[in-house]
There are 2 protein chains.
Amino acid sequence: MGITERKEREKAEMKRLIMNAARKLFIEQGFEKTSIRNIADEIEYSPGTIYLYYKDKSELLFDLHQESFQKLIEQFQRVLNIKDPFERLTTMGRYYMQYGFENPELYELMFLMSSPIETIECREEIWEDGHVAFDMLRQIVRECIDAGYFKIDDVEGTSMMIWANVHGLVTIHLRKRTTMFREGERIPRLEHAYERFVELIQGRI
Amino acid sequence: MGITERKEREKAEMKRLIMNAARKLFIEQGFEKTSIRNIADEIEYSPGTIYLYYKDKSELLFDLHQESFQKLIEQFQRVLNIKDPFERLTTMGRYYMQYGFENPELYELMFLMSSPIETIECREEIWEDGHVAFDMLRQIVRECIDAGYFKIDDVEGTSMMIWANVHGLVTIHLRKRTTMFREGERIPRLEHAYERFVELIQGRI
DNA sequence: AAATAAAATGAACGGTGTTCAGTAAAACAA
DNA sequence: TTGTTTTACTGAACACCGTTCATTTTATTT
């Protein structure tokens, strides 16, 4: 029915309107300073309206979490053109860190905020987004092992170690635990630490 | 004057009473679920009383942040008995991760929560606690380099890389981003990834 | 045109951190 | 000992939060 289709289109547009406003405010002023009322003001509706389209604030955050993962995975897909698996691996790491540095609020939502995982637990689902991204890493690590770059045949342990490293660097930065370095040096120091790590894995495993 | 001394002692005791209650509730139910009113109920005072002893909730969190760092550094000091610097380094890493796994709320306060760093910024001070801990790591890395364990003479880059790795592992766990592994396996997998990292740094730098 | 359904409103609810006017208790001075 | 001053404490008020809901407005159906 034309009316039914139009209403569904309007519902999707309304959700997009809400999400766009939410994302904008989350990015501009952070999650803690962004309320449902702020988002409602931004789109010139009442706070109650938002609950017609999203179950609660957590669901809004979860949808943005998924969208953010899609963007990260799109970045990751750009490395698939690189033939050498080790080069692919280390470039993926740089893209990961760059994504975190350039999108601090989204990175927090993806990897540091409890809400999205709680949403998944409530729905008794799995963290598809995180698993997909981790699988991409695992796949490349497997190819590195097969190509003889890593001597120990341990995809899981190696993948987790590699992820932990870049995740640690990004998180230290986002939570401002780099004050032992001068202000202009902080991201370069972290990037340098990553290159140190690249040298490390290049030589031994 | 005896009265002045007694009043100062009572003030310190009152702060301890508040802090003990706060710590207990923060650990039992988490920071987000612990309010000033809850803490006041726990010590059977009114909420307003807490503001006679602490400027605000952030100051309370900051004091607990400092206390938590003292405990971590006490753990670190236990490794100073180990003669071999590489053994000392890797044991320190295990203690760090153990501290994080066993004290998730305190670890969050120390390394993931923004409030303590914001408090320091307001006071125009430096993150003494974090710097002291990082200096201990740097010291041991220097000794590893001097002993020939690491070939590249780069204390800063190596230290930051090492810290990022253990911090990444702990944070991935605390924020429940290990659901790609089965429930009983998660900490063992992270510990395994750390041992993988130990093998890695043992061989190359 | 009337009845029904859907969308939207904005105040209410129960909570938060923090402040403050008023009260009670302790300390000080006469 | 009494009156005054200072300090400690109370608990409601304030402005905010996420979410719900009684009511109104608008759109759809009959």
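Note on naming: letters A, B, ... go to the chains in the order of the sequence lines (proteins, then strands), and numbering restarts at 1 for each one.
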Short heteroatom pairs, N/O only, protein and nucleotides 13-16 of chain C, under 3.5 Å:
residue	atom	partner	partner atom	Å
C/dT16	OP1	B/S35	OG	3.0

* Within this structure, what is the OH-to-P distance between A/Y51 and C/dA11, rounded to whole angstrom? -> 16 Å
* Asked: Rounding to a whole Å, what distance do you find between A/E59:CD and D/dG18:P?
  -> 16 Å
* **Distance-only donor-acceptor check, side chains A/T179 and B/H131, under 3.5 Å** => yes
* Parallel, tilted or perpendicular: which describes the rings of B/Y96 and B/F111, with under 30° parallel and over 60° perpendicular? -> tilted
Taking N or O atoms only and anything under 3.5 Å, show me the protein contacts with nucleotides 7-10 of chain D, one pair per line.
residue	atom	partner	partner atom	Å
D/dC9	OP2	B/Y53	OH	2.6
D/dT10	OP2	B/S46	N	2.7
D/dT10	OP2	B/T49	OG1	2.7
D/dT10	O5'	B/S46	OG	3.2

* **Note: B/E74-B/K71 ion pair, threshold 4.0 Å (strictly below)** => no
* Write down the distance between CG (A/L60) and C1' (D/dT19), rounded to a whole number of angstrom. => 14 Å
* For the residue pair A/F197 and B/F197, does the interplanar ring angle fall in the parallel (under 30°), tilted (30 to 60°) or perpendicular (over 60°) class? -> parallel
* **Backbone N/O of A/L112 and side chain of A/E108: donor-acceptor pair under 3.5 Å** => no
* Structure fact -> From NZ of A/K55 across to P of D/dT19 the rounded distance in Å is 8 Å
* To do: Go through the steps to decide whether B/T90 and B/Q202 satisfy the test side chain to side chain contact (heavy atoms under 4.5 Å, CB included), and finish with yes or no.
  => CA-CA 10 Å; B/T90 57; B/Q202 198 155 20; over 6 Å; no
N/O donor to acceptor pairs below 3.5 angstrom from side-chain atoms of residues 46-53 of chain A, sequence neighbours left out:
residue	atom	partner	partner atom	Å
A/T49	OG1	A/S46	O	3.3

* **Rounded distance (Å) that lies between atom C1' of C/dA29 and atom CD1 of B/I3** => 13 Å
* To do: List the atom of A/I201, the atom of A/F150, and the distance in Å for their closest heavy-atom pair.
  => O-CE2, 3.6 Å
* For B/I50 and C/dT19, give me the distance from atom CD1 to atom C1', rounded to whole Å. => 14 Å
